[in-house]
Amino acid sequence: MIHVGCIMDGNGRWAKRRHLPRTEGHTEGEENLARLVRVAVKRNVGWLTVFGFSTENWVRPRTEVRHILGLHKKLFGRVAELNELNVRIQWMGRPFDSRDARTPRYVQRAIRKAIADTASNTGMVLTVAFDYGSHAEMVHAAQVAAAGGPLDQASIDRNLYLPELPRVDVMVRTSGELRISNFMLWQSAGAEVYFTERPWPEFDADELDAALALVRE
Ligand code: FPP
């Protein structure tokens, strides 16, 4: 089963080009993710993991942060669609009860409800990284691992936020940025990387197929 990771960049630039507020770009980005989930299911992708909001994104203007949080509530509210597609949704990020966690309660509630309401689906697994950073995850995994026994690769693997997440096969980054940022650094060792000039709201079925071709040849 193929695991695709997506760094959904370029919502702001997409909006700017259309003389729209940045928030419109994020709205379109969330809509596009919903479209892409449908395509990924058709392509028999096993795991789709997206970078929804990073531990670094909290410094953005407050209105933009609030808008993106609202879009996460919307995304996790798409339970009927996910059930129709047999998609199970998951979340990963700084644990809600940890000292530095920032996820507000209303987003926590939406996340918990969506996870519970799609738990019995057996098809693709959609994982949304929210308040997520790879460095925070690795420090967390190392701390828990070291407290419980020998610190080695296997013990770190077992203590990542979602230990059942398989290795990433292909990592996508949109909008012409040739960087990986702080996203699944541990899990994407050895992954193919697909970079495209297209901004996230325009990442369509043809683009996904081009990314999948890197691992399906
Ligand atoms: C980058 O665009 C995108 C993000 C801050 C994270 C992804 C967010 C979305 C796709 C919107 C909502 C999505 C979900 C999952 C609910 P940018 O603002 O960095 O674009 P820019 O680099 O052009 O400014």
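Just so you know, ligand 1 is whichever comes first in the structure, and atom 1 is the first atom listed for that ligand. None of the values given here were measured: they were computed from a predicted structure. Computed over heavy atoms, backbone and side chain alike; hydrogens, waters and symmetry mates excluded.
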Side-chain touch [X]/[Y], heavy atoms, less than 4.5 angstrom:
X: Phe53; Y: Thr103; answer: no
X: Asn57; Y: Val65; answer: no
X: Phe96; Y: Arg105; answer: no

By number and element, which atoms of ligand 1 are closer than 4.0 Å to a non-hydrogen atom of [X]?
X: Asp9; answer: 1 (C), 2 (O), 17 (P), 19 (O), 20 (O), 22 (O)
X: Arg22; answer: 17 (P), 18 (O), 24 (O)
X: Gly12; answer: 17 (P), 18 (O), 20 (O), 21 (P), 23 (O), 24 (O)
X: Leu33; answer: 15 (C)
X: Arg60; answer: 5 (C), 17 (P), 18 (O), 19 (O)
X: Arg13; answer: 21 (P), 22 (O), 23 (O)

If you measure from each heavy atom of [X] to ligand 1, is any distance below 4.0 Å?
X: Gly10; answer: yes
X: Phe130; answer: no
X: Glu177; answer: no
X: Leu75; answer: yes

Looking at [X] and [Y], what are the two nearest heavy atoms and their distance?
X: Phe76; Y: Ala110; value: CB-O, 3.7 Å
X: Arg216; Y: Arg43; value: NH2-O, 2.8 Å
X: Pro201; Y: Glu28; value: CB-CG, 3.7 Å
X: Val168; Y: Met184; value: CG2-CE, 3.6 Å
X: Met8; Y: Gly52; value: CE-CA, 4.0 Å

*Within the distance-only criterion (no hydrogens, no angle test), does the side chain of Asn83 pair as donor or acceptor with the backbone N or O of Thr118 below 3.5 angstrom?*
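No, Asn83 side chain to Thr118 backbone: no donor-acceptor pair under 3.5 Å.
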What protein heavy atom sits nearest [atom], and how far away is it?
atom: atom 9 (C) of ligand 1; value: Asn11 ND2, 3.2 Å
atom: atom 1 (C) of ligand 1; value: Met8 O, 3.2 Å
atom: atom 11 (C) of ligand 1; value: His26 O, 3.5 Å

*Aromatic rings Tyr132 and Phe51: how do their planes relate, parallel, tilted or perpendicular, breaks at 30° and 60°?*
perpendicular
*For ligand 1, the portion of Phe51 having any non-hydrogen atom under 4.0 Å away*: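 Backbone only.
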*Identity of the nearest option to atom 7 (C) of ligand 1, non-hydrogen atoms only, from Ser54, Gly52, Gly29*: Gly52
